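Everything quoted here is computed from the prediction, not taken from an experiment.
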Amino acid sequence: MPFKVRISKFRHVYGSPYREQDCYKNISITRNAHDGSFCAVNSKFLAIVTETSGGGSFLVLLLSEVGRIDVDHPRIRGHRAPVVDLKFNPFNDHEIASCSDDGTVKVWSIPNDGLNTDIFQWKVDLHGHQRRVDYIEWHPTAENLILSAGSDHQVILWNVERAEPIQIYRCHPDVIQSVTWNRNGTLFATTCKDKQIRVIEARTGQIIAKGIGHPGPKVSKVVFLGDTNRLLSTGFGKQFERQVAVWNANDLSKALTIETIDFGAGALIPFYDHDTRTVYLAGKGDGNIRYYELTDQGEPYLYFLSEYKSTTPQRCLGIMPKTGLDVTRNEIMRFYKLFATGSMCEPISMIVPRRAETFQFDIYPDTSGSYPALSPDEWTSGIDRDPILVSMKNFQDESNMPQITTYRTYDSISTFSHRGTSQRISQLPIAEVAPIPKHNANNQSSDDIQQQTGHQNLRKTESVNTTDTEFNNIRDKLQNSTQLIQHNFEMKKKVTNIDTNEYYSSIPNEIYGVDYRHEYLKQQEEIESLRELIFIKDHRIRLLEDELCLIKTQCDKQDHKFIR
């Protein structure tokens, strides 16, 4: 094997598939070739994307509903195109988000006793992408924040509570292939079809680091390795060999280590367990799962542990959160495997073989619980916190409220570690972010919010053609007013891009500390955004009026037939 073998308490971890009667059978699993997560699971529900003709739907089952699933089992149906990714809300077991080829992200509420009838009504509908939404990821510490990446080369951070975008990142020139958060949700990393790996600061859109990842043309994936300030990526080399690499998140110019796995054809999907510091690699279309242990002792950083082998290929894997594992069996990970050539979902437990029947503290440290550390407004204001940790032993004892480990608060100014040395990041490139008009949430209905989030005003910032004479007139007026000179202009979002600042070259120097040309351009952009919102609302009103007339006509025809 490519990695060294060493003594470890996880050296003899083995995979134990469930018995056939404990699996989920007779499921029409989707045949979509996308590499998204068609399976999601939490401590109460299992969700699986199903094959349907027209529209998109997925099953939501109680974990206890094992065995043969009825073909007419209720589904969640609301997308107009196939669903490509599912993610449960980490802070609410009864909420699940889905994204689809129809370009939307929807959040659904699941009844406490599961689905009794088909669900068509979503809780939140997020419009903003112009093409298919490929991947979604919930924020790891702040509630009601979700990140979506689409085929329109955009990444959007959403406030689900208000159904509106917080930030839009347009720094990708090609299709995005994966997206992942770091441990406390201050950074996220992406891989792109242009073969580059990017680490982006979520609030400002600053690109912390950027570099060429794997040189092969196939899909590449990336995952943050907990709080180690390192990344792990999988991809293909020039000879189409499958590779795995470890990177420093501050410097992507060269990998810390890169190794060849094999010459398989399917993409390698990485999973990282922060508590045990183990990495699992599952190949799409493979039947095996490789697992490695992460160390801080230097190269090679990853040590091969063992491999779970199966003759049945997998379409994708869902992973159970740590709080849903069975600690009495010394289970450190549980996968839910969707068969690529069948209609079954098979749970696979990763077990540490030990004779002791007591709780094993060394393999079950305090883990991230289902309690948010931040509200959306706190996170937006610049507060960072680690995830709230809970004791796994309390879950074994079935206590209602596990013991919570105190979290620490970070300074709002980001400081990143560079190979063990504290280093402040300054003068970084900025991902282009679209401006968001100000809305009064208290005076808006839910329909208005959905109309605004279905906006086409999430557009690339364009330059405004103006002359020096116009700016001189505005400057003279502002100089005569002491009120306006002392006024602090509100900056909605940072929209400058260091690569496209041509129209700023002729800007005069600041006057009394205020750059009037810059503020003039900002006001022009906001006016254009508001005009587009008005146009979209008018268009929506016309569509609703047409639909109302059509419904009224159909009702009149039905009444006429009934009378006759």
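- Ionic pairing of Asp296 and Arg277 is present here: one or more N-O contacts between side-chain nitrogen and carboxylate oxygen are shorter than 4.0 angstrom.
- Between Thr204 and Glu201, the side chains place a donor N or O and an acceptor N or O closer than 3.5 Å (distance only, hydrogens not considered).
- Looking only at side-chain heavy atoms (C-beta outward), Pro347 and Asp22 stay at 4.5 Å or farther from each other.
- Within the 4.5 Å cutoff, side-chain heavy atoms of Asp134 are placed close to those of His34.
- Although no hydrogens or angles enter the test, the distance criterion places no donor-acceptor pair under 3.5 Å between the side chain of Lys322 and the main chain of Met333.
- A salt bridge does not link Asp286 with Lys309: none of the charged nitrogens is closer than 4.0 Å to a carboxylate oxygen.
- Comment: Arg242 engages Asp262 in a salt bridge, judged by a side-chain N to carboxylate O separation of less than 4.0 angstrom.
- Arg11 CZ to Tyr303 OH: the interatomic distance, rounded to the nearest 0.5 Å, is 13.5 Å.
- Under the 6.0 Å distance and 45° angle rule, Arg385 does not count as a cation-pi partner of Trp379.
- Without hydrogens or angle criteria, Asn182 side chain to Leu187 main chain gives a donor-acceptor distance under 3.5 Å.
- In the displayed structure, Lys25 atom NZ is contacted under 6.0 Å by more than 12 heavy atoms of other residues, nucleotides or ligands.
- Taken to the nearest 0.5 Å, the CG atom of Leu294 stands 10.0 Å off from the NE2 atom of His274.
- In this structure, Asp326 does not pair ionically with Arg334, as no charged nitrogen and carboxylate oxygen lie closer than 4.0 Å.
- Side-chain contact between Thr367 and Met392 is present, with heavy atoms from C-beta onward closer than 4.5 Å.
- In the model, Glu241 has no side-chain atom that pairs as donor or acceptor with a side-chain atom of Thr260 under 3.5 Å.
- A donor atom on one side chain and an acceptor atom on the other are not found under 3.5 Å apart for Asp194 and Gln196.
- Using a 4.5 Å heavy-atom cutoff, the side chains of Arg329 and Val327 are not in contact.
- In this structure, Glu51 places its CD atom where more than 12 heavy-atom neighbours from other residues, nucleotides or ligands lie under 6.0 Å away.
- For Ile351 against Ser16, the heavy-atom pair with the smallest separation is CG1-CB, 4.3 Å.
- Checking each of Asp35, Thr234, Leu268 against Val219 for a side-chain contact (heavy atoms from CB on, under 4.5 Å) leaves exactly one that passes, namely Asp35.
- For the pair Arg132 and Asp152, the salt-bridge criterion is not met [side-chain N within less than 4.0 Å of a carboxylate O].
- Side-chain atoms of Asn248 and Lys254 include no donor-acceptor pair closer than 3.5 Å.
- In terms of heavy atoms, Cys316 sits closest to Cys39 at SG-N, 3.8 Å.
- In this structure, a donor-acceptor pair under 3.5 Å is present between the side chains of Lys337 and Ser310.
- For His73 and Glu65, the side-chain atoms include at least one donor-acceptor pair closer than 3.5 Å.
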**Prompt:** Given the rule in the side chain to side chain contact (heavy atoms under 4.5 Å, CB included) test, do Trp138 and Val160 qualify, once you have shown the distances and angles that lead to the verdict?
**Reply:** CA-CA 10 Å; Trp138 290 94; Val160 175; 4.1 Å; yes

**Item:** Trace of the side chain to side chain contact (heavy atoms under 4.5 Å, CB included) decision for Met344 with Ile27
**Value:** CA-CA 6 Å; Met344 188 164 76; Ile27 301 173; over 6 Å; no

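- Side-chain contact of Gln360 with Arg354: a donor-acceptor pair under 3.5 Å is present, judged by distance alone.
- Aromatic pair Tyr364/Phe359: centroids less than 6.0 angstrom apart.
- Between His94 and Phe88, the distance from one ring center to the other does not fall under 6.0 angstrom.
- Proximity of the aromatic rings of Tyr308 and Tyr291 is defined here by a centroid distance below 6.0 angstrom, and this criterion is not met.
- In the model, Asp377 has no side-chain atom that pairs as donor or acceptor with a side-chain atom of Ser375 under 3.5 Å.
- Partner of Glu95 under the salt bridge (Lys or Arg N to Asp or Glu O under 4.0 Å) criterion, out of Lys106, Lys44, Lys123: Lys123 alone.
- Counting only N and O atoms by type, the side chains of Asn229 and Asp227 include no donor and acceptor under 3.5 Å apart.
- In the displayed structure, Gln239 atom CD is contacted under 6.0 Å by at most 12 heavy atoms of other residues, nucleotides or ligands.
- Residues Ala356 and Asn330 share a closest heavy-atom pair of O-ND2, 4.3 Å.
- In this structure, the side chains of Ser98 and Trp108 come closer than 4.5 Å at one or more pairs of heavy atoms.
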**Asked** Does the side chain to side chain contact (heavy atoms under 4.5 Å, CB included) test come out yes or no for Ile166 and Trp158, once each step is laid out?
**Response** CA-CA 5 Å; Ile166 296 177; Trp158 301 91; over 6 Å; no

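- Nearest approach of Leu374 to Glu378, heavy atoms of both residues: CA-OE1, 3.4 Å.
- Remark: the Ser349 side chain and the Glu331 side chain contain an N/O donor-acceptor pair separated by less than 3.5 Å.
- Of all the heavy atoms in Gln314 and Gly283, the pair that sits closest is NE2-O, 3.1 Å.
- A heavy-atom distance below 4.5 Å is not found between the side chains of Leu63 and Phe45.
- Using modelled atom types, one side-chain atom of Arg315 and one backbone atom of Ala340 make a donor-acceptor pair closer than 3.5 Å.
- Taking the six-membered ring where the residue is Trp, Tyr336 and Tyr24 present tilted rings, their angle falling between 30° and 60°.
- Residues Trp181 and Pro140 come closest through the heavy atom pair CG-CD, 3.7 Å.
- By the 30° and 60° cut-offs, the orientation of the rings of Phe271 relative to Phe335 is perpendicular.
- Put simply, CZ on Arg68 and SG on Cys23 are 14.5 Å apart, with the number rounded to the nearest 0.5 Å.
- Using modelled atom types, one finds a donor on one side chain and an acceptor on the other under 3.5 Å when comparing Thr50 with Ser57.
- No side-chain heavy atom of His139 sits under 4.5 Å from any side-chain heavy atom of Leu147.
- A salt bridge between Asp386 and Arg183 is absent, with no side-chain N of the basic residue lying under 4.0 Å from a carboxylate O of the acidic one.
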**Request:** Could you walk me through whether His129 and Ser148 pass side-chain hydrogen bond (donor to acceptor under 3.5 Å, both in side chains), step by step?
**Result:** CA-CA 9 Å; His129 290 280; Ser148 65; 2.8 Å; yes

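- Side-chain contact, His172 with Thr190: a donor N or O sits under 3.5 Å from an acceptor N or O.
- Salt-bridge annotation for Lys87 and Asp85: present, with a side-chain N of the basic residue lying under 4.0 Å from a carboxylate O of the acidic one.
- When side chains are defined from C-beta on, Glu346 does not count as touching Leu338, because their heavy atoms never get closer than 4.5 Å.
- Looking only at distances, a side-chain donor or acceptor of Lys221 sits under 3.5 Å from a matching main-chain atom of Gln177.
- Checking Thr186 against Asp384 by side-chain atom types alone, no donor-acceptor pair falls below 3.5 Å.
- Within the 3.5 Å criterion, the main-chain N or O of Asn184 finds a donor-acceptor partner in the side chain of Thr141.
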**Item:** Val179 and Ile200: CA distance, side-chain angles, deciding distance, side chain to side chain contact (heavy atoms under 4.5 Å, CB included) verdict
**Value:** CA-CA 11 Å; Val179 60; Ile200 302 171; over 6 Å; no

